[in-house]
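Take a look at the structure below.
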2 protein chains.
Amino acid sequence: MPVRSADQIIHKAAWLYYTHGLRQDEVAKHLDISRASVAMYLRRAREIGIVTISTSTELFSDDVLARETEDALGLETVWIIPEDRQAFNPSVEMPVVAAAAFIELINKGDRVGVAWGRTVYHIADVMPYADLQGVAVVQLCGNLGAPYSYRPDQCTTEIARRLNAEGINLYAPLVLSSERLAEELRREPVIREQLLAITDCQLALYSVGGIEDDSHLVKCGAITAAEMHALGQAGAAGVIAGQLIDVDGQWLDCAHNRRCISADLDSIRKIPKRMLVVQEDSKYEPLVAAIKGGFASHLMVTASMAKRLLKRAKGAGLKQA
Amino acid sequence: MPVRSADQIIHKAAWLYYTHGLRQDEVAKHLDISRASVAMYLRRAREIGIVTISTSTELFSDDVLARETEDALGLETVWIIPEDRQAFNPSVEMPVVAAAAFIELINKGDRVGVAWGRTVYHIADVMPYADLQGVAVVQLCGNLGAPYSYRPDQCTTEIARRLNAEGINLYAPLVLSSERLAEELRREPVIREQLLAITDCQLALYSVGGIEDDSHLVKCGAITAAEMHALGQAGAAGVIAGQLIDVDGQWLDCAHNRRCISADLDSIRKIPKRMLVVQEDSKYEPLVAAIKGGFASHLMVTASMAKRLLKRAKGAGLKQA
DNA sequence: CACGTGATCTGACAAAAGTCAAATAGCGGA
DNA sequence: TCCGCTATTTGACTTTTGTCAGATCACGTG
């Protein structure tokens with residue numbers, strides 16, 4: 001066997017086939033071997049990794065990153081928001097792209113759940129108008145007076161309005177002053193039904209909250225900064241639909257969560273398409289927790305965030321359970 | 001049509017198909033579209049150029065260069081000798097690789113022509129031993145006493161010996177003192193037959209000579225340095241099988257050529273596989289002439305030479321006629 | 001609101017690619 | 001030099017893919 005002749009012929013066959021677009025029998029004729037051999041060489045070429053989806057051109061680098069992140073994290077779809085590009089601000093563009101992607105995920109007759117947060121509201125704010133009759137937009141978490149102009153029910157209502165869909169609000173506060181009251185309210189038929197109906201959603205849209213002092217729950221007055229600190233000590237890692245989750249994405253057994261009226265985390269996990277949109281790169285830890293907890297099947301993040309996730313996944317093996 | 005969703009689905013389909021190796025119907029199921037659409041997206045992906053032969057990994061960069069050079073110059077096979085790699089000296093390695101590649105080109109019962117020169121001798125010197133009975137190694141050009149230890153007949157003989165093949169020497173001088181004598185000798189039946197038989201060769205091996213003062217013809221005393229200078233002025237660009245060619249690779253009408261006993265250039269051009277091996281990067285112009293003249297179907301050069309050829313071909317369009 | 005436009009789906013057929021058992025060739029060791 | 005081993009190659013067969021015409025659908029327009 002002469003020097004590299006084995007690789008040589010494999011590479012040449014792959015070149016003629018993939019770059020020149022010849023048929024296998026043409027390649028065979030060209031190299032004076034049988035077509036079956038060409039098929040074999042091509043299989044090897046693929047195994048070796050000679051043939052790849054274009055990564056060389058800058059054009060597709062984000063797409064490749066998206067695909068790799070999907071594979072590494074076991075997600076169905078990942079959207080990457082480029083950031084290096086000048087005049088391209090994730091905090092402005094991401095909601096627009098997210099809204100478009102979100103609409104794409106909706107099928108006729110679907111029931112879609114919408115949680116709450118700055119990100120979700122921003123998405124609602126740029127949601128294109130569409131005619132999705134027969135679609136129902138349901139509120140995933142209880143209400144809460146907000147220091148800014150977006151309350152959970154407003155998100156739901158606004159999205160439903162824009163999509164010309166039915167809006168189904170949850171007529172309950174997000175947090176109650178006592179566990180007992182929360183428990184009782186949850187048992188109320190109206191509320192109970194609505195919470196149960198969440199399992200029927202085909203699609204959910206939410207972000208994940210942080211547990212810093214400037215977190216949404218703190219700003220809205222649902223939790224004091226001091227309490228949040230304590231919760232962080234107790235293992236809280238992020239917020240999903242108003243509820244705290246630990247580093248593994250599991251429901252955190254704490255006073256706040258017990259006093260919460262919101263979608264049961266397991267109900268959310270059962271929703272087939274769970275679209276998680278994260279704008280801020282600072283939400284890395286909450287995001288990791290959310291992914292671990294299985295709260296994302298569809299994820300939209302910045303390129304740098306995706307790279308961090310990918311790096312971590314490759315190193316340790318962060319897969320959703 | 002949402003932001004980039006068109007490209008998005010094309011890229012994803014290509015990813016699942018090419019990287020994950022899913023079948024088209026599996027991809028279709030995954031993306032919830034018809035198989036026909038998958039086929040369409042994949043076609044577009046190929047058209048756009050999403051699928052490529054790996055160029056990212058250093059591993060194959062030389063192979064890619066080889067394929068590109070083949071394409072640009074219309075050659076059948078190009079071998080690249082890497083040079084950047086440390087402890088890899090083209091002048092040492094190339095003959096070894098050339099010898100191996102040369103043997104690969106020989107088929108049972110073939111008649112192979114061998115010309116003469118430092119390069120060819122070096123190849124002969126490292127030619128592996130093989131048992132190629134039924135193969136004939138024929139000498140392409142007349143003999144010439146050499147200042148070093150390699151004469152044309154020695155090249156032929158040595159290669160034939162190593163390959164255990166039949167050696168057919170050309171019993172004539174390369175250059176005669178008069179055109180008349182050369183003409184008469186060419187008409188001699190023995191010589192004539194042998195020269196005609198060159199057309200029957202399936203394979204030829206040679207290098208291309210330069211026209212500098214240190215060129216082989218000058219060193220061997222066939223041409224004086226002064227004559228060579230004049231020939232250069234007259235349009236000589238290189239030497240093939242002892243004969244001068246112009247910049248277009250055409251036979252140069254000059255005294256030397258007319259006094260030469262060697263393979264007719266057209267006979268050489270008719271040989272299906274013409275393996276041209278060039279070690280020195282300084283032979284760029286002669287090489288270009290040789291390629292233009294159609295003297296190469298198989299070419300072995302250094303990476304830097306290939307790059308120069310490629311650059312030129314891309315710019316101007318240097319294709320063999 | 002009918003219309004045209006462009007994209008996608010369906011189903012079916014032809015073409016190409018994948019696969020496998022058996023034949024063959026190359027290669028090292030006895 | 002012969003033998004047996006392994007890896008490659010072949011030819012025949014099955015599966016997958018490419019492609020087409022017509023139907024359908026979404027969407028923007030006059």
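All values derive from a computational prediction rather than experimental measurement. Proteins come first, then strands; the chains are lettered A, B, ... in the order of their sequence lines, and each starts at number 1.
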**Message:** I want to check one thing: is the phosphate of D:dT10, taken as OP1 and OP2, less than 4.0 Å away from some side-chain N or O of A:Ser37?
**Reply:** yes
**Message:** For A:Arg23 and A:Met40, find the nucleotide of DNA chain C closest to each by heavy atoms; which residue's nucleotide sits nearer the 5' end?
**Reply:** A:Arg23
**Message:** With rounding to the nearest 0.5 angstrom, report the CZ to CH2 distance, B:Phe102 to B:Trp79.
**Reply:** 10.0 Å
**Item:** Distance, rounded to the nearest Å, where A:Glu26 contributes CD and C:dA17 contributes P
**Value:** 9 Å
**Asked** Rounded to the Å, how far apart are A:Arg46 CZ and C:dT19 C1'?
**Response** 12 Å
**Request:** Using the six-membered ring wherever Trp is involved, compare the ring planes of A:Tyr206 and A:Phe295 and label them parallel, tilted or perpendicular (cut-offs 30° and 60°).
**Result:** perpendicular
**Prompt:** Between A:Arg162 and A:Met127, is there a donor-acceptor pair closer than 3.5 Å when you use the side chain of the first and the backbone of the second?
**Reply:** yes
**Request:** Identify the residue among A:Thr302, A:Leu65, A:Leu299 that makes a side chain to side chain contact (heavy atoms under 4.5 Å, CB included) with A:Ile80.
**Result:** A:Leu65
**Request:** Please report, rounded to the nearest Å, how far the P atom of D:dT8 is from the CD atom of B:Glu104.
**Result:** 13 Å
**Separation of D:dT16 C1' from B:Leu42 CG (nearest whole Å)** = 12 Å
**Request:** Side chain of A:Lys108 only, please: which of C:dA17, D:dA26, D:dT19 is the nearest?
**Result:** D:dA26
**Prompt:** Are B:Glu26 and B:Lys29 close enough, and set up right, to give a salt bridge (charged side-chain N to carboxylate O under 4.0 Å, His left out), and what steps lead you there?
**Reply:** CA-CA 5 Å; B:Glu26 294 177 311; B:Lys29 202 166 53 189; 6.0 Å; no
**Request:** Name the nucleic acid region contacted by B:Ile33, choosing base, sugar-phosphate or nothing; use a 4.0 angstrom heavy-atom cut-off, strictly under.
**Result:** sugar-phosphate
**Prompt:** Which is true for B:Arg35 with a 4.0 Å heavy-atom rule: it touches a base, it touches only sugar-phosphate, or it touches nothing?
**Reply:** base
**Fill in**
When rounded to whole Å, the OH to C1' distance for the pair B:Tyr18 and C:dA17 reads 12 Å
**Prompt:** Toward the 5' end of DNA chain D, which comes first, B:Ala36 or A:Asp32, by nearest nucleotide?
**Reply:** A:Asp32
**Prompt:** Does A:Tyr41 put a side-chain nitrogen or oxygen below 4.0 Å from OP1 or OP2 of D:dT8?
**Reply:** no
**Request:** Find the distance B:Ile9:CD1 to C:dA7:C1' and express it as a whole number of Å.
**Result:** 12 Å
**Request:** Could you check how far CG of B:Leu132 sits from C1' of C:dG26, rounded to whole Å?
**Result:** 13 Å
**Request:** Report the distance from atom CG of A:Leu31 to atom P of D:dT10, rounded to the nearest whole Å.
**Result:** 11 Å
